[in-house]
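Working notes for the structure below.
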Amino acid sequence: MGQPESREHHETTQPELPPGQRLQRGWPVTHYGPVPKFKPDRWEFRVFGATADGDKHCWNHEQFSALPFSTVEADLHCVTKFSMLGAEWGGVLARTLVELAPPGPSVTHVMVWAEYGFSANLRLADFTSDRTIFATHKGGELLTAEHGFPLRLVVPHLYAWKGPKWVRGVEYMTADRRGFWEERGYHNVGDPWREQRYSYQEEPGDGPEL
């Protein structure tokens, strides 16, 4: 990644923690499955599905690393009830990718795909938030493999499971469908301020139509 070209600074208007959360010092490692081995010569990031031009858009690691670099100051709220406040994330804003590979007019959701077929679904509005970022750095340092290197998604206003580690692509969708954890009982939206942890808490409109 090059030097930062812009900085997104968030002055929180909600200094308190979301309900049920506790302040975390440090950054615990939490994930399902093994840590993948990064192979830069085989790494590719894809945007596909219902793109505006109907094509698949791809970047290899060198090309992705050359995209505009931004920083976002934002919290991270894990559904396991710890919150890390005021972290600085560096990487590529999701809206930058949306500008480079626009979605079609009927797109309402995205599926973020990661290593081993892991996935997380997001409403398009959450994905295109000005603080949603594909992070390569935290606090000015490259992410470690355990924390998602070379790329993890951070969606500050949702629980952290909505931001997978080891991301490899984004699928534009014209209808919602559940991702990995959402299929296993987690809330389809995942707003920590509304404590949307589990699927049994969902209200009409929160999940895909049956």
Side-chain angles (χ1 to χ4, degrees), residues 17-22 24 26-38 43 45-50 74-84 87 89 94 97 103 107-129 131-135 138 143-210:
L17 293 172
Q21 297 294 108
R22 66 180 184 276
Q24 176 69 41
W27 191 9
V29 174
T30 57
H31 58 258
Y32 177 82
V35 176
K37 184 174 291 187
F38 174 54
W43 191 90
F45 186 94
R46 299 182 299 152
V47 176
F48 62 102
D75 306 335
L76 184 144
H77 304 296
C78 183
V79 73
T80 60
K81 299 190 176 183
F82 76 80
S83 289
M84 185 172 60
W89 307 95
L97 287 172
V107 170
T108 58
H109 292 77
V110 303
M111 188 72 77
V112 181
W113 290 97
E115 297 283 2
Y116 305 128
F118 184 86
S119 60
N121 60 316
L122 292 164
R123 297 173 297 192
L124 184 62
D126 292 319
F127 182 69
T128 57
S129 165
R131 297 196 304 126
T132 298
I133 187 168
F134 288 95
K138 176 185 171 290
L143 296 173
T144 63
E146 291 77 12
H147 283 304
F149 179 84
L151 194 66
R152 73 174 292 157
L153 183 64
V154 177
V155 189
H157 62 284
L158 299 180
Y159 281 119
W161 90 77
K162 286 293 189 178
K165 301 177 181 181
W166 312 302
V167 175
R168 296 296 298 272
V170 173
E171 177 187 0
Y172 291 148
M173 305 190 298
T174 58
D176 193 14
R177 68 178 191 270
R178 295 180 188 271
F180 180 89
W181 286 117
E182 294 79 13
E183 288 183 333
R184 290 160 174 80
Y186 280 73
H187 198 284
N188 196 58
V189 177
D191 183 345
W193 295 100
R194 298 177 62 189
E195 207 166 1
Q196 294 175 330
R197 299 179 187 274
Y198 305 112
S199 59
Y200 72 80
Q201 299 170 301
E202 290 176 8
E203 299 177 357
D206 285 342
E209 294 184 7
L210 300 178

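As the structure is a computational prediction, the values presented were derived from the model and not from experiment. Heavy-atom basis, side chains included; hydrogens, waters and symmetry copies ignored.
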Taking [X] for the side chain and [Y] for the main chain, is one N or O donor matched with an acceptor at less than 3.5 Å?
| X | Y | result |
| --- | --- | --- |
| Arg197 | Val79 | yes |
| Ser119 | Trp113 | no |
| Gln196 | Asp191 | yes |
| Trp89 | Asp75 | no |

Open item on the list: Under 6.0 Å between ring centres: does that hold for Tyr186 and Tyr198?
Closed with: yes
What's the spacing between [X] [atom1] and [Y] [atom2] if we round to 0.5 Å?
| X | Y | atom1 | atom2 | value |
| --- | --- | --- | --- | --- |
| His109 | Tyr172 | NE2 | OH | 14.5 Å |
| Arg177 | Glu209 | CZ | CD | 15.0 Å |
| Leu122 | Asp176 | CG | CG | 9.5 Å |
| Lys165 | Glu115 | NZ | CD | 13.0 Å |
| Tyr116 | Trp166 | OH | CH2 | 7.5 Å |
| Met111 | Met173 | CE | CE | 4.0 Å |

For the student: nearest non-hydrogen atoms of [X] and [Y], plus distance:
| X | Y | value |
| --- | --- | --- |
| Ala74 | Arg131 | CB-NH1, 3.1 Å |
| Leu153 | Thr132 | CD1-CG2, 3.7 Å |
| Arg22 | Thr80 | NH1-O, 3.6 Å |
| Pro164 | Val167 | O-CG2, 3.2 Å |
| Leu143 | Gly148 | CD1-C, 4.4 Å |
| Val107 | Leu124 | O-CD2, 3.6 Å |

Task: Residues which pass side-chain hydrogen bond (donor to acceptor under 3.5 Å, both in side chains) with Ser83, listed by chain and number, not counting sequence neighbours - done: Gln21, His77
Open item on the list: What verdict does the side-chain contact (heavy atoms from CB on, under 4.5 Å) test give for Asn121 and Asn188, after you've listed the backbone C-alpha separation in whole Å, the side-chain angles of each residue and the deciding distance to 0.1 Å?
Closed with: CA-CA 8 Å; Asn121 60 316; Asn188 196 58; 2.9 Å; yes
Task: Step-by-step side-chain contact (heavy atoms from CB on, under 4.5 Å) determination, Arg168 to Arg46 - done: CA-CA 7 Å; Arg168 296 296 298 272; Arg46 299 182 299 152; over 6 Å; no
Open item on the list: Salt bridge or not between Lys162 and Glu182? Use side-chain N to carboxylate O under 4.0 Å.
Closed with: yes
Task: Contacts of Asp126 that satisfy salt bridge (Lys or Arg N to Asp or Glu O under 4.0 Å) - sequence neighbours left out - done: Arg123
Are any non-hydrogen side-chain atoms of [X] and [Y] less than 4.5 angstrom apart?
| X | Y | value |
| --- | --- | --- |
| Phe118 | Val112 | no |
| Phe82 | Leu76 | yes |
| Tyr159 | Pro18 | no |

Open item on the list: Does the plane of the ring in Trp43 sit parallel, tilted or perpendicular to the ring in Phe38? Use 30° and 60° as the thresholds.
Closed with: perpendicular
Open item on the list: Evaluate Glu203 against Arg194 for side-chain contact (heavy atoms from CB on, under 4.5 Å), listing each step before the verdict.
Closed with: CA-CA 12 Å; Glu203 299 177 357; Arg194 298 177 62 189; 4.0 Å; yes
- [ ] List the steps and the verdict of side-chain contact (heavy atoms from CB on, under 4.5 Å) for Met84 and Lys138.
- [x] CA-CA 12 Å; Met84 185 172 60; Lys138 176 185 171 290; 3.7 Å; yes
